[in-house]
Amino acid sequence: MPLAMTTLSDSGNVRRATMSDVARLAGVSIKTVSRVVNAESGVHPATAERVLSAIDQLGFRRNLSARNLRRGTGTGTLGLVLEDLANPFYSVLTRAVEEVARMRGKQVLTGSSDEDPARERELVLEFCARRVDGLIVVPAGHQHGYIAHEINAGTPVVFVDRPPGNLDADAVLIDNSGGTALAAQHLAEHGHREIAFLGDAPEIHTAAERLRGFREGCARAGVPFESDLVLMGPHTDESVAEALRTTLRRATALVTGNNRITIHALRALAGRPDRPALVGFDDFELADLLDPPITVVTHETSALGRSAAELLFSRLDGDRTPPRRIVVPTRLLARGSGEVAR
């Protein structure tokens, strides 16, 4: 295979080859190169072969975004703004979005906001500047009026996992409150009355909803909701270990508000003979192989991403109905850790 030739700018810097470069090397017009690149008829086979050879030598690549925009067919890309792609939850969600997009001939550009509203806004506006055909956003902030102009200009946006703030838009959510209500009731059914809850920062929609569900689940089960057994906030191994030292002086059971907090808790509980009954929100890899296997509130994360992508494509296809809210159900998966009697 021949090595690609280097194309230099007037200043001597390496640059991408253009159609003009291909035409010059092949000894043809730019229109002929365009016909070959776009698989149009009317080019002699020998001439087409010469053009293709020049393309290989120069490493020429079409600017698909520019071509599609000229044709009025969009850029063939979607923007996906997540909290943190390193979190397995968002990895599964991303894969589901990509699978739907691939079936529709589009590519997905992703970025992580790191739970920073300013970074979320920066990513969203950057994707819009790149003329993505649509956006799927896991919101970090509570103010989304900044994107209203883009929506009004025709860029469909679907929010996923959390609803937008001060904006009426499509959203695909998990039944967060229903899931933690199930967890509290399940532990109460096994005799526990002092149940601790470790959740994420309360200003995050999912964390607030899971705390609300936990409170409602306690009420339905007839067990007290004790605020001193509830600890909310961004958690680390150290903060969870300290929280458990405090709450487990009285609590005999524990609900953890997401998969990361569950893992922090398991590290803190390792080797303790007085381990509490435990139900975690979100499944995670190897949870079923631990001793005891971890009982979780689970949901089909792929359904979350798939539903968001399908809703986005329905908007791209011309659906102009009012904004929709889709809720993905949760269920309790009993494995052993949540079935320990008081």
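Without hydrogens or angle criteria, D133 side chain to T75 main chain gives a donor-acceptor distance under 3.5 Å. In this structure, D21 contributes its side chain and T18 its backbone to a donor-acceptor pair below 3.5 Å. Put simply, the side chain of R131 gets close to the backbone of C128: a donor and an acceptor are under 3.5 Å apart. A donor-acceptor pair is defined here as one N or O able to donate and one able to accept, closer than 3.5 Å; such a pair exists between the side chain of N166 and the backbone of H144. Of the possible polar contacts, none joining the S53 side chain to the R50 backbone as a donor-acceptor pair under 3.5 Å is found. Distance alone, capped at 3.5 Å, is enough to place a donor-acceptor pair between the E339 side chain and the G336 backbone. The backbone N or O of G217 sits nowhere less than 3.5 Å from a side-chain atom of Q185 that would complete a donor-acceptor pair. Between the side chain of D116 and the backbone N or O of A118 there is at least one donor-acceptor pair closer than 3.5 Å. Distance alone, capped at 3.5 Å, places no donor-acceptor pair between the S307 side chain and the L304 backbone. Listed for the S337 side chain is a donor-acceptor partner under 3.5 Å among the backbone atoms of T295.
In terms of heavy-atom proximity, I147 sits nearest to L167 at CG2-CD2, 3.5 Å. P202 and G233 get closest at one heavy-atom pair: CD-N, 4.3 Å. For the pair V297 and G179, the tightest heavy-atom approach, listed with the atom from each and the gap, is CG2-O, 3.3 Å. Of all heavy-atom pairs between A184 and C218, the closest is CB-N, 3.8 Å. When all heavy atoms of P164 and A169 are compared, the closest pair comes out as CG-CB, 4.2 Å. The shortest heavy-atom contact between S302 and A96 is O-CB, 3.3 Å.
Under the 4.5 Å side-chain heavy-atom criterion for Ile, Leu, Val, Met, Phe, Trp and Tyr, I261 and I174 are members of distinct hydrophobic clusters. Linking Ile, Leu, Val, Met, Phe, Trp and Tyr residues whenever their side-chain heavy atoms come within less than 4.5 Å leaves F127 and L78 in two separate clusters. A chain of hydrophobic side-chain contacts below 4.5 Å, direct or via other Ile, Leu, Val, Met, Phe, Trp or Tyr residues, connects I136 to L311. Tracing side-chain contacts under 4.5 Å through hydrophobic residues (I, L, V, M, F, W, Y), one reaches F284 starting from L269; they form part of the same cluster. Under the 4.5 Å side-chain contact rule for hydrophobic residues, V92 and F159 do not share a cluster.
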Mind running side-chain contact (heavy atoms from CB on, under 4.5 Å) on V43 and T32 for me, showing each step along the way? CA-CA 7 Å; V43 180; T32 298; 4.1 Å; yes
Derivation and outcome, side-chain hydrogen bond (donor to acceptor under 3.5 Å, both in side chains), residues S91 and T94: CA-CA 5 Å; S91 299; T94 300; over 6 Å; no
Any chance you could lay out the side-chain hydrogen bond (donor to acceptor under 3.5 Å, both in side chains) test for R119 and S113, step after step, and finish with the verdict? CA-CA 5 Å; R119 175 63 177 161; S113 69; over 6 Å; no
Please step through salt bridge (Lys or Arg N to Asp or Glu O under 4.0 Å) for the pair K106 and E98, ending with a clear verdict. CA-CA 8 Å; K106 294 190 184 291; E98 287 180 337; over 6 Å; no
Stepwise side-chain contact (heavy atoms from CB on, under 4.5 Å) check, D288 with I294: CA-CA 6 Å; D288 57 329; I294 306 304; over 6 Å; no
With side-chain hydrogen bond (donor to acceptor under 3.5 Å, both in side chains) as the test, would you mind laying out the steps for T321 and D319 before giving the verdict? CA-CA 6 Å; T321 57; D319 182 354; 2.8 Å; yes
Does R306 form a side-chain contact (heavy atoms from CB on, under 4.5 Å) with E300? I'd like the steps, not just the answer. CA-CA 10 Å; R306 190 167 55 250; E300 193 179 349; 3.2 Å; yes
Candidate pair F197 and M232, rule side-chain contact (heavy atoms from CB on, under 4.5 Å), full reasoning: CA-CA 8 Å; F197 180 82; M232 304 290 289; 3.6 Å; yes
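Residue pairs meeting the ring pair (Phe, Tyr, Trp, His ring centres under 6.0 Å) criterion with at least one member in residues 81-111, sequence neighbours excluded: F89-H299.
Residues L173 and I326 are not in side-chain contact: their nearest non-hydrogen atoms beyond the backbone lie 4.5 Å or more apart. Side-chain contact between R102 and V97 is absent, with no heavy atoms from C-beta onward closer than 4.5 Å. Under the 4.5 Å side-chain criterion, counting only non-hydrogen atoms from C-beta, L125 is in contact with R121. Between E285 and P88, every side-chain heavy-atom pair lies at or beyond the 4.5 Å cut-off. Looking only at side-chain heavy atoms (C-beta outward), V255 and L198 stay at 4.5 Å or farther from each other. Put simply, the side chain of D200 does not reach to within 4.5 Å of the side chain of T206, judged on heavy atoms. Residues H142 and E203 are in side-chain contact: their nearest non-hydrogen atoms beyond the backbone lie under 4.5 Å apart. For the pair V137/V158, no side-chain contact is recorded, criterion being any heavy-atom separation below 4.5 Å from C-beta on.
Salt bridge status for D228 with R250: present, with a side-chain N to carboxylate O gap under 4.0 Å. Checked for salt-bridge contact, R162 and E115 meet the test: a charged N lies under 4.0 Å from a carboxylate O. Electrostatic pairing of R104 and D317 counts as a salt bridge here, judged by a charged N lying under 4.0 Å from a carboxylate O. Ion pairing of R324 with D170 is absent here, as no side-chain N (NZ or NE/NH1/NH2) approaches a carboxylate O to less than 4.0 Å. A salt bridge is defined here as a Lys NZ or Arg NE, NH1 or NH2 lying under 4.0 Å from an Asp or Glu carboxylate O, and R260 with D84 meets this definition. Using a 4.0 Å cut-off between charged nitrogen and carboxylate oxygen, R335 and D283 count as a salt-bridge pair.
Summarising the local packing, CZ of R95 is surrounded by 12 or fewer heavy atoms from other residues, nucleotides or ligands at distances under 6.0 Å. Taking a 6.0 Å sphere around CD of E122, one finds it holds more than 12 heavy atoms contributed by other residues, nucleotides or ligands.
Just one of L187, L229, V223 meets the side chain to side chain contact (heavy atoms under 4.5 Å, CB included) condition when paired with E194; it is L229.
One distance of note links CG of L244 with OG1 of T256; it measures 9.5 Å at 0.5 Å rounding. Expressed to the nearest 0.5 Å, how far CG of L254 lies from NE2 of H192 amounts to 11.0 Å. Atoms CD and CG, on E216 and L211 in that order, are 10.0 Å from each other to the nearest 0.5 Å. Separating the CG atom in N87 from the CG atom in N258 is a distance of 7.5 Å, to the nearest 0.5 Å. To the nearest 0.5 angstrom, T180 atom OG1 is 8.5 Å from F214 atom CZ. Note that CG of L85 is 10.0 Å distant from CG of L93, once rounded to the nearest 0.5 Å.
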